[in-house]
Amino acid sequence: SQRGTTTNAEGKYTIRVKGDQSDLLFSMLGYASREIRVGKRTLVDVVLEEETSAIDEVVVVGYGYVRRADLTGSVASVNTAEMNKAPVRSFDEALAGRVAGVQVTSSEGEPGSSINIIVRGQNSLTQDSSPLYVVDGFPLESFNASSLNPADIVSIDVLKDASSTAIYGSRASNGVIMITTKKGSGSDRLKINFSTTLSLQQRTRTAEMLSYGDFVNTARSIGAGDLLGDARTDWNDAIYRTAFGTDNNLSVAGRFTPNFPFRVSVGYYNQDGIV
């Protein structure tokens with residue numbers, strides 16, 4: 001026979017079992033289930049580990065998690081697994097083309113230049129139309145996307161309709177980007193992850209230019225060739241170069257006690273420009 005129970009707000013529970021061969025199955029939405037044999041014990045404590053695949057089935061909103069099937073507002077989710085495959089320095093660069101209705105633009109091509117994100121259209125000609133960023137439940141008035149490592153993000157949800165304004169007020173009039181970061185592991189075993197990515201950038205097209213030889217011959221035909229000399233400098237080659245980039249991430253996760261999980265991470269990103 002099977003029987004079940006739920007925990008209270010503090011995570012405490014009681015349940016009666018029959019025999020030493022009984023198993024307890026612990027489950028919660030967004031966490032990996034664990035099945036534990038009771039044996040002779042009368043006290044069974046367990047910590048569940050977050051499961052990304054389960055989180056994908058729910059959407060983060062301002063007041064918690066909601067199953068997508070129960071969602072009534074306009075919320076778009078980002079596939080962070082696909083996002084991390086892109087060799088980008090910040091998550092906002094990876095949002096381009098991944099969320100319907102979200103415009104991601106940059107006025108410069110220089111590495112490290114700022115990215116402009118518009119969720120609900122350009123609402124004003126003079127005021128800023130940037131969305132409100134909420135990281136792990138904390139609204140951030142001035143947010144620099146480069147300060148958050150894409151490797152530390154577990155989910156991104158974009159709130160696009162009026163329900164976000166109802167939660168955060170006028171600050172959310174341009175939409176809300178909800179970011180959830182990775183947390184400590186629920187396992188006693190220490191987990192160490194390291195990843196490195198190397199990137200290579202090259203120009204795909206250059207402006208067609210008059211060859212220096214043709215220019216000199218033309219100049220000589222009008223009597224000015226002697227002033228130009230015989231140099232054969234390729235200015236395209238002098239201006240542009242092959243640009244290298246590297247992205248390195250190291251994280252350590254575990255727990256000191258069942259109620260004290262931890263995660264520490266460090267990342268190093270460097271990108272050269274092609275100019």
Main-chain N/O of Ala151 paired with Lys182 side-chain donor or acceptor, under 3.5 Å: yes
Side-chain donor/acceptor of Arg34 to backbone N/O of Leu48, under 3.5 Å: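 No: the side chain of Arg34 does not pair with the backbone of Leu48.
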Derivation of the side chain to side chain contact (heavy atoms under 4.5 Å, CB included) call for Asn174 and Val119: CA-CA 6 Å; Asn174 296 318; Val119 175; over 6 Å; no
Could you tell me whether the side chain of [Y] reaches within less than 4.5 Å of the side chain of [X], counting heavy atoms only?
{"X": "Thr181", "Y": "Lys183", "value": "yes"}
{"X": "Phe244", "Y": "Asn270", "value": "no"}
{"X": "Tyr240", "Y": "Val275", "value": "yes"}
{"X": "Asp157", "Y": "Val176", "value": "no"}
{"X": "Tyr13", "Y": "Ile15", "value": "yes"}
{"X": "Ile117", "Y": "Ser130", "value": "no"}
{"X": "Glu49", "Y": "Arg255", "value": "no"}

Residue among Val134, Val135, Leu132 satisfying side chain to side chain contact (heavy atoms under 4.5 Å, CB included) with Phe143: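 Considering Val134, Val135, Leu132, a side chain to side chain contact (heavy atoms under 4.5 Å, CB included) with Phe143 is found only for Val135.
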Test log, rule side chain to side chain contact (heavy atoms under 4.5 Å, CB included), inputs Ser199 and Asp247: CA-CA 8 Å; Ser199 61; Asp247 185 11; over 6 Å; no
Qualifying salt bridge (Lys or Arg N to Asp or Glu O under 4.0 Å) pairs with a residue from residues 169-180, counting only residues at least two apart or across chains: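 Those involving residues 169-180 are Glu141-Arg171.
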Selection residues 193-202 - residue pairs positive for salt bridge (Lys or Arg N to Asp or Glu O under 4.0 Å), sequence neighbours left out: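 Pairs touching residues 193-202 that pass the test: none.
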Shortest non-hydrogen contact between Ser33 and Ser27, atoms and distance: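 Ser33 and Ser27 have their closest heavy atoms at OG-CB, 3.3 Å.
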Shortest non-hydrogen contact from Gly267 toward Asn249: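 Closest approach of Gly267 to Asn249: CA-OD1, 3.8 Å.
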[X], [Y]: one ILVMFWY side-chain cluster at the under-4.5 Å cut-off?
{"X": "Leu198", "Y": "Leu200", "result": "no"}
{"X": "Phe138", "Y": "Phe91", "result": "no"}
{"X": "Tyr268", "Y": "Val252", "result": "no"}
{"X": "Leu25", "Y": "Val17", "result": "no"}
{"X": "Met28", "Y": "Val46", "result": "yes"}

Nearest-0.5 Å distance that lies between atom [atom1] in [X] and atom [atom2] in [Y]:
{"X": "Asp45", "Y": "Ile36", "atom1": "CG", "atom2": "CD1", "value": "9.0 Å"}
{"X": "Met178", "Y": "Asp136", "atom1": "CE", "atom2": "CG", "value": "9.5 Å"}
{"X": "Ile274", "Y": "Thr242", "atom1": "CD1", "atom2": "OG1", "value": "9.5 Å"}
{"X": "Asp237", "Y": "Arg203", "atom1": "CG", "atom2": "CZ", "value": "6.5 Å"}
{"X": "Ile156", "Y": "Thr180", "atom1": "CD1", "atom2": "OG1", "value": "9.0 Å"}
{"X": "Leu140", "Y": "Ile179", "atom1": "CG", "atom2": "CD1", "value": "8.0 Å"}

Phe194 atom CZ: more than 12 heavy-atom contacts under 6.0 Å: yes
Chi angles and distances behind the side chain to side chain contact (heavy atoms under 4.5 Å, CB included) call for Val102, Ile118: CA-CA 6 Å; Val102 176; Ile118 299 178; over 6 Å; no
Distance-only side-chain donor-acceptor flag, Ser195 / Asn193, under 3.5 Å: no
Intermediate values then yes/no, side chain to side chain contact (heavy atoms under 4.5 Å, CB included), Asp272 and Arg241: CA-CA 10 Å; Asp272 295 331; Arg241 65 177 177 180; 3.6 Å; yes
